[in-house]
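Just so we're on the same page: letters track the sequence lines, and every chain starts at 1. Owing to the predicted nature of the structure, the values given are computational and were not obtained by experimental measurement.
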Amino acid sequence: MVPTAYYLILAAMLFSIGIAAFLIKRNVITIFISIELMLNAVNLTFVAFAHMWHQVSGQIFVFFVMVVAAAEAAVGLAIIISIYRTRQTLNVDEIDLMKS
Amino acid sequence: MQLALFIIFGALALGGALNLLLQRHPIHSALSLVVVMMSLAVLYWSLGAEFLAAAQVIVYSGAIMVLFVFVIMLLNAGTEQRTRGSRAAYAVGIPGAAAIFCLLSFVFLSERGALKSSNIGGDLSSATDNIAEVSAMLFTKQLLPFEVTSILILVAILGAVVLARKEQ
């Protein structure tokens, strides 16, 4: 027996670590990785609530989040590759202009 | 039994996330995220979502993380260096994340009475198993969104090819 609140607090911890990593990290790829961490934390709350209410809809939500995350990763990493090709850097402090 | 599973794999997920935050090399962060995703897959399984546990391993820690590691190695990303921006980010990031965590856990703990506790395994409905239930929902009620996601994937593939192409 595990209270649902424990799962939610674990998800909150993962989400806040994701936010901290998103704000602290200076590498574009690591920032992207922390977005994936936040998506995973939200997925955990969806699954926990789906279990609590005995409903499958929450799991359907997680399925769609996974599909969108896969699409987002493909496009985002392509953008990172094209940024690296034009700027020769991955540091977000140096990527602050739309066109240079 | 479930509490032991939760503690072990919750601690593993938390440790992986903290390692992601503390490591300075992107490849270490990516591999710690794999640890987080695998332990979350175990937690999904213990919450009765067997299909999602398998999809988590195959799609997230399989496909998406391979893509990340591939790009890190392709771009030869090195250790990040400290800059003026990173000091400002420390000053904002740590308190901001702590504030959001306090807010979320305050809400969850104050609503604790309304939240029930969960037993191990799937008890969504004991008559059918989890995959049958998910697929019945996905292919009847949610058929249109399901088909739209296939178009989304197609657009994403085309967009990735166009964006990563070498310009003439």
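Under the 4.5 Å side-chain heavy-atom criterion for grouping Ile, Leu, Val, Met, Phe, Trp and Tyr, B:I7 is connected to B:W45 within one hydrophobic cluster. With hydrophobic clusters built from ILVMFWY side chains whose heavy atoms lie under 4.5 angstrom apart, A:Y84 shares a cluster with B:M73. Linking ILVMFWY side-chain heavy atoms closer than 4.5 Å, directly or via other members, places A:V62 and B:I58 in two distinct hydrophobic clusters. B:F70 and B:L163 are members of different hydrophobic clusters when ILVMFWY side chains are connected at heavy-atom separations under 4.5 Å. No single ILVMFWY cluster, assembled from side-chain heavy atoms under 4.5 Å apart, contains both B:V34 and B:L22.
Taking a 6.0 Å sphere around CZ of A:F46, one finds it holds more than 12 heavy atoms contributed by other residues, nucleotides or ligands. Heavy atoms from other residues, nucleotides or ligands lying under 6.0 Å from CE of A:M38 number more than 12. Heavy atoms from other residues, nucleotides or ligands lying under 6.0 Å from CZ of A:F64 number more than 12. Summarising the local packing, CZ of B:F101 is surrounded by more than 12 heavy atoms from other residues, nucleotides or ligands at distances under 6.0 Å.
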I would like to know whether A:L10 and B:F6 meet side-chain contact (heavy atoms from CB on, under 4.5 Å); could you show each step before the answer?
CA-CA 10 Å; A:L10 174 65; B:F6 174 78; 4.0 Å; yes
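For the options B:V92, B:L103, B:I72, heavy-atom pairs under 4.5 Å to chain A are most numerous at B:I72. Between chain A and the options B:A91, B:A98, B:S150, B:P145, the largest number of non-hydrogen pairs under 4.5 Å is found for B:P145. Contact count against chain A (heavy-atom pairs under 4.5 Å) is highest for B:L14 among B:L14, B:I153, B:V161. Contact count versus chain B (heavy atoms, under 4.5 Å) is highest, among A:T30, A:I33, A:I19, for A:I33. For the options A:L77, A:V75, A:T89, heavy-atom pairs under 4.5 Å to chain B are most numerous at A:L77. With chain A as the partner, the residue from B:L40, B:T149, B:I100 showing the most heavy-atom pairs under 4.5 Å is B:L40. Among B:R24, B:E111, B:M37, B:Q142, the residue with the largest count of heavy-atom pairs under 4.5 Å with chain A is B:M37. Top candidate by heavy-atom pairs under 4.5 Å with chain A, chosen from B:V162, B:I64, B:L18, is B:I64. In terms of non-hydrogen atom pairs under 4.5 Å with chain B, the most contact-rich of A:V67, A:I60, A:I81 is A:I60.
Side-chain atoms of B:I94 and A:I24, non-hydrogen and from C-beta on, do get closer than 4.5 Å to each other. For the pair B:S46 and A:Y7, the minimum side-chain heavy-atom distance is below 4.5 Å. With contacts defined as side-chain heavy-atom distances shorter than 4.5 Å, the pair B:L152/A:V68 qualifies. The shortest distance between side-chain heavy atoms of B:Y60 and A:L39 falls below 4.5 Å.
Of the inter-residue distances, the one linking B:F146 atom CZ with A:F63 atom CZ reads 5.0 Å to the nearest 0.5 angstrom. Of the inter-residue distances, the one linking A:L44 atom CG with B:L47 atom CG reads 7.0 Å to the nearest 0.5 angstrom. Interatomic distance, A:Q59 CD to B:L138 CG, rounded to the nearest 0.5 Å: 11.0 Å. Taking CD of B:E133 as the reference point, atom NE2 of A:H54 lies at 11.0 Å (rounded to 0.5 Å). Between atom OH of residue A:Y6 and atom CG of residue B:L109 there is a gap of 9.0 Å, rounded to the nearest 0.5 Å. One finds the CZ atom of A:F32 at 9.0 Å from the CG atom of B:L67 (value rounded to the nearest 0.5 Å).
When all heavy atoms of A:H51 and B:G48 are compared, the closest pair comes out as ND1-N, 4.4 Å. For A:A74 against B:A160, the heavy-atom pair with the smallest separation is O-CB, 3.8 Å.
Interface remark: B:V36 contributes side-chain atoms only to the contact with chain A (heavy atom separation under 4.5 Å). For A:A11, no part lies under 4.5 angstrom from a heavy atom of chain B. Residue contact with chain A, scored on non-hydrogen atoms closer than 4.5 Å, involves the backbone and the side chain of B:L20 alike. Within the 4.5 angstrom heavy-atom criterion, atoms from both the backbone and the side chain of B:A55 approach chain A. Contact of B:L158 with chain A is not made at all, since no heavy-atom distance falls under 4.5 Å.
A donor-acceptor contact closer than 3.5 angstrom is absent between the side chains of B:Q56 and A:N43.
Every residue meeting the side chain to side chain contact (heavy atoms under 4.5 Å, CB included) condition with A:A41, not counting sequence neighbours, appears here in chain and number order: A:L14, A:F15.
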